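Encoded as structure tokens, the structure appears first; notes follow it.
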Amino acid sequence: MARKFEGSELVIASHNAGKVREIGDLLKPYAIAVTSAGALGLPEPEETGSTFAENAALKAHASVAGSGLPALADDSGFSVAALNGAPGIHAARFAERTKGVRDYDWAMEQLHEASRDAGDDLAWFTCALALAWPDGHAEIFEGRVAGKLVWPPRGGHGFGYDPMFVPEGYDETFGEMVPDAKHEMSHRAIAFRDMIAACFNDTDG
């Protein structure tokens, strides 16, 4: 059985403002004081894992070590069938044209060209969440949403590759969806719902 979260403070182990905002929105109903690794000035650990789950755990434990508080880390990525699942866990690094500077407009164009040349527009987002405590314990949850690539990118909501991805069963891209709509069905929302049911259900309401 998963460990219940009974604290009132939580560090979101990320320097990505969009991701921090999205996770913070999902946590609002649970009256938890949230801060981020970026706001605390914690360094970003090297993501040496070979899976989303491994990288999420690395980031969560690093934020716990730096803050002394429980931490929630997200490792998510975008996979394209035409690239055999790449960029996957390297989605953020794929967008780096120069060290530390991410250009998602350029990255989306590369993925569009690859899928067009291959004649395959299948793509999917994956998210792993790691909730870690100061005693070293961690719980891991994973969610995935499949869909297709579209071009040109559409919408000003979301972040990263959201404007070029239409989830299965929908007509809007993640970039066109208002945040509440995306929070209902995204890869992050799926992992988050599983985590809430396992670790937070006694704290809601």
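Scope of the values below: all heavy atoms of this structure, side chains included, with no hydrogens, waters or symmetry mates. Note that the coordinates shown come from a computational prediction; the quantities given were computed from them, not determined experimentally.
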**Message:** Assess the residue pair Leu10 and Leu69 against the criterion (side chain to side chain contact (heavy atoms under 4.5 Å, CB included)); give the C-alpha distance rounded to whole Å, side-chain angles, the decisive distance to 0.1 Å, and a yes or no.
**Reply:** CA-CA 6 Å; Leu10 186 64; Leu69 295 169; over 6 Å; no
**Prompt:** Which atoms form the tightest heavy-atom contact between Cys127 and Ala191, and what is the distance?
**Reply:** O-CB, 4.0 Å
**Request:** Group every Ile, Leu, Val, Met, Phe, Trp and Tyr by side-chain heavy-atom contacts under 4.5 Å, then state whether Ile23 and Met185 land in the same group.
**Result:** no
**Message:** For Asp25 and Arg188: C-alpha separation, side-chain torsions, deciding distance, then whether salt bridge (Lys or Arg N to Asp or Glu O under 4.0 Å) applies.
**Reply:** CA-CA 12 Å; Asp25 286 346; Arg188 189 165 292 110; over 6 Å; no
**Prompt:** Any donor and acceptor pair, going by atom type alone, linking the side chain of His187 with main-chain N or O of Trp124 inside 3.5 Å?
**Reply:** no
**In one Ile/Leu/Val/Met/Phe/Trp/Tyr side-chain cluster, 4.5 Å: Leu83, Trp151** = yes
**Item:** Hydrophobic cluster identity match, Phe200 and Val64, side-chain contacts under 4.5 Å
**Value:** no
**Item:** Smallest separation among heavy atoms of Ala13 and Ala37, with atom names
**Value:** CA-CB, 4.0 Å
**Asked** In Å and rounded to the nearest 0.5 Å, what is the OH to CZ distance from Tyr104 to Phe94?
**Response** 11.0 Å
**Request:** Evaluate the criterion side chain to side chain contact (heavy atoms under 4.5 Å, CB included) for residue pair Ser63 and Lys59; output intermediate values, then yes/no.
**Result:** CA-CA 6 Å; Ser63 282; Lys59 289 187 281 189; 6.0 Å; no
**Prompt:** Taking side chain as C-beta onward, heavy atoms only, is Asp120 less than 4.5 Å from Ser115?
**Reply:** no
**Request:** Decide side chain to side chain contact (heavy atoms under 4.5 Å, CB included) for Asp75 and Glu47; before the verdict, give the C-alpha distance in whole Å, the side-chain angles of both, and the deciding distance to 0.1 Å.
**Result:** CA-CA 10 Å; Asp75 195 64; Glu47 296 180 20; 3.4 Å; yes
**Request:** State which residues pass salt bridge (Lys or Arg N to Asp or Glu O under 4.0 Å) with Asp103; sequence neighbours excluded, sorted by chain then number.
**Result:** Arg97
**Request:** Would you check if Leu72 and Phe5 make a side-chain contact, meaning some heavy-atom pair closer than 4.5 Å?
**Result:** no
**Prompt:** Can you check whether Val166 reaches Glu172 side chain to side chain, under 4.5 Å on heavy atoms?
**Reply:** no
**Asked** Is there a side-chain contact between His137 and Glu139, using heavy atoms and a 4.5 Å cut-off?
**Response** yes
**Item:** Flag for Ser76-Asp74: side-chain donor and acceptor within less than 3.5 Å
**Value:** yes
**Message:** Restricting to non-hydrogen atoms, name the atom on Ala91 and the atom on Gly77 that form the minimum distance, rounded to 0.1 Å.
**Reply:** CB-CA, 3.9 Å
**Request:** Any chance you could measure Ile12, atom CD1, to Leu40, atom CG, to the nearest 0.5 Å?
**Result:** 11.0 Å
**Single-linkage hydrophobic cluster, 4.5 Å side-chain cutoff, Ile190 and Met195 together** = no
**Item:** Any Met164 side-chain heavy atom under 4.5 Å of Leu111 side chain
**Value:** yes
**Item:** Contact list for residues 152-163, test side chain to side chain donor-acceptor pair (under 3.5 Å), sequence neighbours left out
**Value:** Arg154-Glu176, Asp162-Lys182
**Asked** Tyr170 and Met177: side chain to side chain contact (heavy atoms under 4.5 Å, CB included), yes or no, with the steps?
**Response** CA-CA 10 Å; Tyr170 293 80; Met177 289 184 179; 3.6 Å; yes
**Shortest non-hydrogen separation from Ser36 to Ser14 and the atoms involved** = CB-O, 3.8 Å
**Prompt:** Do Phe125 and Phe174 have their ring centres less than 6.0 Å from each other?
**Reply:** yes
**Complete:** Here the pair of heavy atoms bringing Ala60 nearest to Ala130 is CB-O, 3.7 Å
**Prompt:** Do Glu9 and Pro70 touch side chain to side chain, with heavy atoms closer than 4.5 Å?
**Reply:** no
**Asked** Any chance CG of Asp117 has more than 12 other-residue heavy atoms, nucleotides or ligands included, within less than 6.0 Å?
**Response** yes
**Request:** With sequence neighbours left out, write down each residue that passes salt bridge (Lys or Arg N to Asp or Glu O under 4.0 Å) with Glu96, or none if nothing qualifies.
**Result:** Arg102
**Item:** Smallest separation among heavy atoms of Pro87 and Phe78, with atom names
**Value:** CD-O, 3.2 Å
**Prompt:** How many angstroms lie between NE2 in His183 and CZ in Phe192, if you round to the nearest 0.5 Å?
**Reply:** 9.5 Å
**Prompt:** Shared ILVMFWY cluster between Phe52 and Leu129, side chains joined below 4.5 angstrom?
**Reply:** no
